[in-house]
Protein chains: 2
Amino acid sequence: MSKTSIKINLTHKAYLRDPESTELGRRIIKESIILIDELGFEQFTFRKLATVLGSTEASIYRYFENKHKLLVYLVSWHWAWLDYSVLFQTNNMPDPRLRLSRAIDVITTSGTDDPATAHVNESALYRIVIAEASKVYLTKEVDMDNKDGYFLEYKRLCHHIAEMVLDVNPNYPYPHALISTIMEAAHQQLFFAQHLPSLTEIKGTQRRPEEAAAFLKHLVFAAVDQNYKAA
Amino acid sequence: MSKTSIKINLTHKAYLRDPESTELGRRIIKESIILIDELGFEQFTFRKLATVLGSTEASIYRYFENKHKLLVYLVSWHWAWLDYSVLFQTNNMPDPRLRLSRAIDVITTSGTDDPATAHVNESALYRIVIAEASKVYLTKEVDMDNKDGYFLEYKRLCHHIAEMVLDVNPNYPYPHALISTIMEAAHQQLFFAQHLPSLTEIKGTQRRPEEAAAFLKHLVFAAVDQNYKAA
DNA sequence: ACTTTTTTGATAGTATTACTATTATACAGG
DNA sequence: CCTGTATAATAGTAATACTATCAAAAAAGT
């Protein structure tokens, strides 16, 4: 990845005013990532964020309607960044198996900071994605939010990897289901390894992302390579 | 399943006072399931529940410290019931493959009401589990809650099915990771089929649970049957 | 039937959250 | 220097998430 700054463009508007366009906006993004990571989304409030920023609630409300929309923005940013990252890292890989394998590596080990997006603490954001991302869609407003395009980045990423699955085996019947399953599993298994270790064989020690990647690759290639036979 | 009433015993105490022990307690459980299903967990409040019950907030607070603990109770009850159900439905099945296959059927199609647990609306509770269960552990308090045994029912269920995996293939290296993955996937795929259909091949029409079961069986047996080879 | 304990309802009150509105000021570009 | 935009300061509201107290009602024990 180059050292030039990357501007991730989001296709929807989870925001009222583009936070990238002003100094306060950028500080809202930067500090909210740190604060949500620290407090968890439930305990995070605009009042606390305003205090950290030395600003006011009202100022933050000019950028985001509420904290849920801010979370949507942050998580969408991550998916867009990850989609770009997967594309970049698998570019010019002719072997479809290696390409899919690399993609799985990227999605499980994306918790490392990238100098190209300096104003975003990518590893803190990744922790937020692990612990909070599913709350973005697990609401009663999911259908409205979907209509407003809030999940486009996630769907696009899943679709790209699902196509890689079909490149390996065009007859595999569940490419999207498989990829959405392992995308979620990537986070869950890392979370379980840390907090509920009896739910996984991935150890809570070092090289957790690599172990998770190994499990997921095993799973994906087993599924994709299998000749279909009902159990 | 027999027509005699079943009392599900939870090993921890998410409650302050056992809701099964009083009339009001049982009504709290019954009506909270309906109300959370209706409003979603975020919009659900003890005040609204009290209004439905013709009672007061203070009375409900005598049973549960807060709405999160009530959700823990409801979800744990579901896991305990599902564990029992899996055990019952796989009892006396000598073939390990058929047993595992049946277990997957049970966990994906458990949204149907059971006359044995009349005071609980099992299908509404299943919808709650699909949309809200992960919020039970995706909190900053997860380690404390784990210490207090709030996830024992879920862990026990996963462990039972993981053992079935090992009965099929004792050398499969990720039985718990596989089962925790497909437990979560079962809910996600049903949720996606309904709300974000581009993320899955499972169609939003009829027989959704059966389609989900087919996908999950394909996945599980592919993984368990595969001779290990790195990608 | 009487007493004691438990359970519930009624009422009140607090701190915090999740906002909205208004106005004044700072500051940046033309 | 003027003008618009961005921000800060202040104030206020409705709802949420509780806690405390006390009296009435119901249940249980003797």
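Proteins come first, then strands; the chains are lettered A, B, ... in the order of their sequence lines, and each starts at number 1. Because the structure is predicted, anything quoted here is derived from the model rather than measured.
- One can place CD of Q43(A) at 11 Å from C1' of dT16(C), the figure rounded to the nearest angstrom.
- Between Y61(A) and F46(A), the two ring planes are perpendicular [angle over 60°; tilted spans 30° to 60°].
- Nucleotides of DNA chain D lying under 4.0 Å from heavy atoms of chain B occupy a range whose first and last members, 5' to 3', are dT16(D) to dA20(D).
- One interatomic measurement links the two molecules: OH of Y61(A) to P of dT17(C), which rounds to 11 Å at whole-angstrom precision.
- Across Y15(A) and F64(A), no two heavy atoms sit closer than the pair CB-CE2, 3.6 Å.
- Checking the phosphate oxygens (OP1, OP2) of dT8(C), a side-chain nitrogen or oxygen of R17(B) falls inside 4.0 Å.
- T22(A) comes within contact range of the sugar-phosphate backbone alone, with a heavy-atom separation under 4.0 Å but no base atom that close.
- Nearest heavy-atom pair across A124(B) and D37(B) is CB-OD2, 3.7 Å.
- Projected onto DNA chain C by closest heavy-atom contact, F46(A) and L53(B) fall at different nucleotides, the more 5' of which corresponds to L53(B).
- Checked against dA10(C), dT22(C), dT17(C), the side chain of T45(A) finds its nearest nucleotide in dT17(C).
- In terms of position on DNA chain D, the residue among E23(A) and R47(A) whose nearest nucleotide sits closer to the 5' end is E23(A).
- The existence of a salt bridge linking R208(B) and E211(B) is excluded, since no basic side-chain nitrogen approaches an acidic carboxylate oxygen closer than 4.0 Å.
- Taking both residues in full, the closest heavy atoms of G25(B) and Y63(B) are given as CA-CE2, 3.8 Å, listed atom of the first, atom of the second, then distance.
- When the side-chain nitrogen and oxygen atoms of Y63(B) are compared with OP1 and OP2 of dT8(C), one or more of them lie within a distance under 4.0 Å.
- Under a cutoff of 6.0 Å and an axis angle of 45°, K67(A) and F41(A) form a cation-pi pair.
- Atom pair L49(A):CG and dA18(C):C1' shows a separation of 14 Å (rounding to whole Å applied).
- In this structure, the NZ atom of K48(A) is 15 Å from the P atom of dC19(C), given to the nearest Å.
- Comparing R62(B) and K67(B) against DNA chain D, the residue whose closest nucleotide sits nearer the 5' end is K67(B).
- In this structure, E65(B) reaches the sugar-phosphate backbone alone: every heavy-atom distance under 4.0 Å involves primed, P, OP1 or OP2 atoms, never a base.
- The interatomic distance linking L24(A) (CG) with dT25(C) (C1') rounds to 16 Å, in whole Å.
- Atom NZ of K69(A) and atom P of dA18(C) are 15 Å apart (whole Å).
- We find that CZ of F64(A) is positioned 19 Å from C1' of dT20(C), with the value rounded to whole Å.
- Rounded to whole angstrom, the span from the CD1 atom of I60(B) across to the P atom of dA10(C) amounts to 13 Å.
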| request: Would you check, one step at a time, whether the test ring-ring contact (aromatic ring centres under 6.0 Å, His included) holds for Y137(A) with F192(B)? | output: CA-CA 10 Å; Y137(A) 61 80; F192(B) 291 159; 5.5 Å; yes

